[in-house]
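One-based numbering, in listed order, for ligands and for the atoms of each. Position 1 is the first residue of the sequence, and the numbers go up from there. Hydrogens, waters and symmetry mates are skipped; everything else that's a heavy atom, side chains included, is used.
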Amino acid sequence: MVNKGLKGVVAAETAISHIDGKEGKLIYRGYEIRNLTAAHSFEEVAFLLWFGHLPTVAELDKLNTELVKSRYLTETMKTVMDVLPTNMDFMSVIRTVISAEGTIDYGWKPTISQAITLTAVMPTIIAYWYNKVQGKTCNEPVETLSHVENYLYMLNGSSPLEAQVEALETYMILTLEHGMNASTFSARVTASTESDIVSAITSAIGTMKGPLHGGAPSGVIDLLNAIETVEKTEDVIRKKLMSGEKLMGFGHRVYKTHDPRAIALRKKLIGLSGEDRWLDLAVHVENVAVKLLNELKPGRALYTNVEFYAAAIMKSINLAPELFTPTFTASRVVGWSAHVLEQAEDNTIFRPQSEYVGTMAQM
Ligand code: ACO
């Protein structure tokens with residue numbers, strides 16, 4: 001029997017993360033995600049995923065130094081971006097530029113330092129390209145800013161508000177890692193041939209680009225735009241559900257209860273929002289939609305997924321839609337690289353079989 005899409009097949013053992021779809025838990029290296037977003041920074045959680053434990057003060061200091069040092073684009077990366085056509089798809093640009101990093105000194109086996117370098121430079125690539133297509137010059141990285149703050153600073157050319165940094169940091173921590181998803185699997189398959197980490201991450205970016213995976217939360221933005229006001233919420237949602245439409249940002253293949261990432265994002269956002277119209281609308285839409293889904297789709301256990309509040313965050317911090325999937329990439333590179341390192345530690349090349357269903361020539 002063929003398991004199409006390897007559905008239900010366990011392809012690797014991992015100590016990096018665990019998803020409990022029934023209980024609605026996401027665990028990074030033994031820590032529940034909600035506890036991590038409540039008390040730790042992007043840098044600390046990235047350290048946890050790479051090294052297996054939360055950093056001491058000295059370890060965090062060392063990681064910060066390495067991350068800051070590696071934020072700068074190489075001359076090759078700049079040259080490549082300067083010749084690429086500005087109408088090129090954003091994810092294809094990132095894939096091309098990251099693969100240009102492989103022009104220097106990456107080989108088997110992958111190292112944590114290499115993982116740090118690729119993570120550090122990713123926001124700079126995104127910001128450089130984002131500014132370039134608008135005819136602007138991207139600000140140079142600022143060494144005193146954190147990873148996420150510096151990303152927003154380079155994108156917009158001005159210092160972000162603290163609440164914006166916190167909101168985006170929470171989103172990025174929540175999307176650092178999510179088990180054996182398609183792009184992570186791609187990275188592990190490439191690494192399993194004893195290819196280098198740059199090739200593995202390039203494979204992962206190509207996989208992330210597909211709309212079935214890195215599909216940005218733009219469907220949710222469309223939903224929020226269609227609803228527009230608290231007053232119109234029930235009417236718009238009821239009509240959509242009655243006509244058989246799926247509500248974007250609700251339901252999940254693995255989580256058959258609340259998506260813990262959506263809960264963590266909502267909690268953070270409510271704490272930060274103050275007078276944010278979009279967040280207030282999002283919370284209202286969630287309440288109304290869950291009530292109506294329960295009424296019209298009883299027993300399906302449909303709740304908000306991570307995309308729902310990701311959209312609310314992106315909208316509230318004014319991140320342009322073309323930055324959604326690149327920003328997801330800037331966080332997920334940590335998970336990909338952690339998996340590449342884990343694969344290298346106990347490597348067996350991936351080589352599943354296929355079942356021939358073609359015909360035989362009559363000789
Ligand atoms: N709105 C309305 N009804 C829904 C929704 C929804 N968002 N999601 C599922 N249902 C209903 C289906 O119509 C179906 O009803 P039926 O029993 O009457 O036929 C039932 O719930 C089961 O639906 P499936 O599609 O079989 O559920 P599955 O778990 O396979 O699908 C999926 C999960 C694809 C995410 C689905 O919920 C969906 O399409 N959601 C909207 C798109 C979305 O938000 N995608 C982002 C997911 S998060 C992420 O990828 C990071």
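In this structure, His147 and Phe42 have parallel ring planes: the angle between them is below the 30° cut-off, well short of the 60° mark.
Between Ile201 and Met122, the shortest heavy-atom distance links the atoms CG2-CE, 4.5 Å.
Here Lys78 does not pair with Asp82 in a salt bridge; the nearest charged N to carboxylate O distance is not below 4.0 Å. Ionic pairing of Lys109 and Glu194 is not present here: no N-O contact between side-chain nitrogen and carboxylate oxygen is shorter than 4.0 angstrom. Under 4.0 Å is where a charged nitrogen must lie from a carboxylate oxygen, and between Glu166 and Lys268 at least one such pair does.
Sequence neighbours left out, the pairs with a member in residues 344-363 that pass side-chain hydrogen bond (donor to acceptor under 3.5 Å, both in side chains) are Gln343-Asn347.
Protein residues with a heavy atom closer than 4.0 Å to ligand 1 are Leu241, Lys246, Leu247, Met248, Gly249, Phe250, Gly251, His252, Arg253, Lys256, Leu293, Lys297, Arg300, Leu302, Asn305, Val306, Glu307, listed by chain and number.
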